[in-house]
Amino acid sequence: MEPKDRLPIGVSLLALAVAIAALVVAVSDSDSDDAVDEPETSVTASAPATTQAFQTTTTVHTVQTLAPAPATTAATQLIVTATTAAESDEMADSEFSDNLLAVVGIGHDSTLNVRETPGGQIVGKLDSDAAGIVPTGTTREVTGAIWYEVHAAGVVGWVSGEYVTPLGVTIDATTQIVALLGETPSADNMTALGRIVAGAVASEEPESRVRISGAPTVGDVSEITMDVVGQPDDSIRGFRLHLFATPSDGGGSFTLRNVESTVMCYTERGVSAEGLCN
């Protein structure tokens, strides 16, 4: 074969290699690379026999009015309670918007990358509890992953849809949690207590991604925030659980005091004016 005949083949092979390299970068960015160096791994803590599913910026304090129904899933119970809250006078002036996103499902000691383009250069970072993120309305699908162009961290850039979502109403979910666990839980530390509570509402199919999105604090009233992303529901994507606990006199254990649950909705479906997932 003459050298001039081999040239097009070499060019084609080079183009193929470049395309494969670009594809590898895009795939890695759609997941762990955008939750930088997350020390936490997905956890499905032990829970009662039922398959259960279950982090906050705007808190709407409501009173639990419905008795829990242990035979139903946690997600169903929360929908019912949230609807009750939405119908109350307290919710009349609440403000929820499809146009605002929050970071969800990454550890409190990690950040979410904002990139110049999907899979491109990092131009900003967002904390695990960042909220009020404004999408421009432009999205792009790269190797099956959805990316959103947003105004965030003082720049216009792109974030992976795996780690942002709109947040809805916040309710007091203490009664449901205790019913699901069969008792008021206690643990040696706040991290362990957070995992127990998150495990009570996590889903096995699809497997929930459980993260400590708000670092544990210890005091007269100790706190921790858990994100549980992934539910067997086409409306509710997950829950942000803000736990409050009382330490024992000797400080050797922590007992759950109450849980505030904020619903995560799917970005493509949005949130109603009452804070419910569409």
Side-chain angles (χ1 to χ4, degrees), residues 35-57 59-64 67-70 73-75 77-78 81 103-111 127-130 167 170-204 207-231 238-264:
V36 178
D37 297 327
E38 276 190 57
E40 292 292 321
T41 57
S42 294
V43 176
T44 302
S46 59
T50 53
T51 299
Q52 288 130 5
F54 243 50
Q55 347 166 6
T56 15
T57 46
T59 300
V60 180
H61 297 284
T62 61
V63 178
Q64 174 65 38
T73 65
Q77 291 181 43
L78 283 184
T81 308
V103 175
V104 298
I106 66 172
H108 65 88
D109 50 359
S110 297
T111 56
D127 290 335
S128 62
D129 60 352
L167 297 179
T170 297
I171 66 166
D172 186 333
T174 311
T175 302
Q176 293 101 318
I177 293 292
V178 171
L180 288 166
L181 292 171
E183 62 180 356
T184 300
S186 296
D188 293 339
N189 54 68
M190 287 301 294
T191 297
L193 183 61
R195 285 175 174 156
I196 291 171
V197 171
V201 296
S203 167
E204 293 181 1
E207 183 179 2
S208 296
R209 184 170 76 248
V210 179
R211 295 289 186 270
I212 302 172
S213 61
T217 62
V218 175
D220 292 339
V221 177
S222 302
E223 303 179 39
I224 190 171
T225 303
M226 308 293 297
D227 279 7
V228 184
V229 186
Q231 295 292 300
F239 301 97
R240 172 165 287 173
L241 306 176
H242 191 182
L243 284 66
F244 301 86
T246 304
S248 63
D249 292 338
S253 65
F254 297 84
T255 301
L256 183 68
R257 177 173 171 177
N258 64 290
V259 182
E260 293 179 350
S261 173
T262 302
V263 67
M264 301 176 188

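Each residue takes its place number in the sequence, starting with 1.
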Any sub-3.5 Å donor-acceptor pair from Ser208's side-chain atoms to Gly230's backbone N or O?
-> yes

Using the side-chain contact (heavy atoms from CB on, under 4.5 Å) rule, pick out the option among Leu181, Thr246, Leu243 that qualifies with Leu256.
-> Leu243

Output the distance between atom OG (Ser186) and atom CG (Leu193), rounded to the nearest 0.5 Å.
-> 7.0 Å

Does the Arg257 side chain pair with the main chain of Phe244, one donor and one acceptor, at a distance under 3.5 Å?
-> no

pair Pro185-Val197: side-chain heavy atoms closer than 4.5 Å | yes

Is the closest side-chain heavy-atom distance between Phe254 and Val218 below 4.5 Å?
-> yes

Grab the two heavy atoms, one from Val104 and one from Arg209, that are nearest each other, plus how far apart they are.
-> O-NH2, 4.0 Å

If you take all heavy atoms of Ala200 and Leu180, which pair is closest and at what distance?
-> O-CD1, 4.0 Å

With sequence neighbours excluded, tell me which residues meet side chain to side chain contact (heavy atoms under 4.5 Å, CB included) with Ser248.
-> Ser253

State the CG-CD1 distance between Leu241 and Ile212, to the nearest 0.5 angstrom.
-> 12.0 Å

Which atom names give the shortest non-hydrogen contact between Gly194 and Ile224, and what distance separates them?
-> CA-CG2, 4.3 Å

Correct closest heavy-atom pair for Ser222 and Met190 would be CB-SD, 3.6 Å

Drop me the distance from Ile177's CD1 to Glu183's CD, to the nearest 0.5 angstrom.
-> 13.0 Å

Taking atom NE2 of His242 and atom OG1 of Thr225, what is their separation to the nearest 0.5 Å?
-> 4.0 Å

Shortest non-hydrogen pair, Gly219 vs Pro247, comes out as O-CG, 3.3 Å

Begin with the C-alpha distance, continue with both residues' side-chain angles, and end with the deciding distance and a verdict on side chain to side chain contact (heavy atoms under 4.5 Å, CB included) for Asp172 and Val259.
-> CA-CA 6 Å; Asp172 186 333; Val259 182; 5.7 Å; no

Value for OG1 (Thr170) from CZ (Phe239), rounded to nearest 0.5 Å, stands at 11.5 Å

NE2 (His108) and CG (Asp127) are apart, to the nearest 0.5 Å, by 12.0 Å

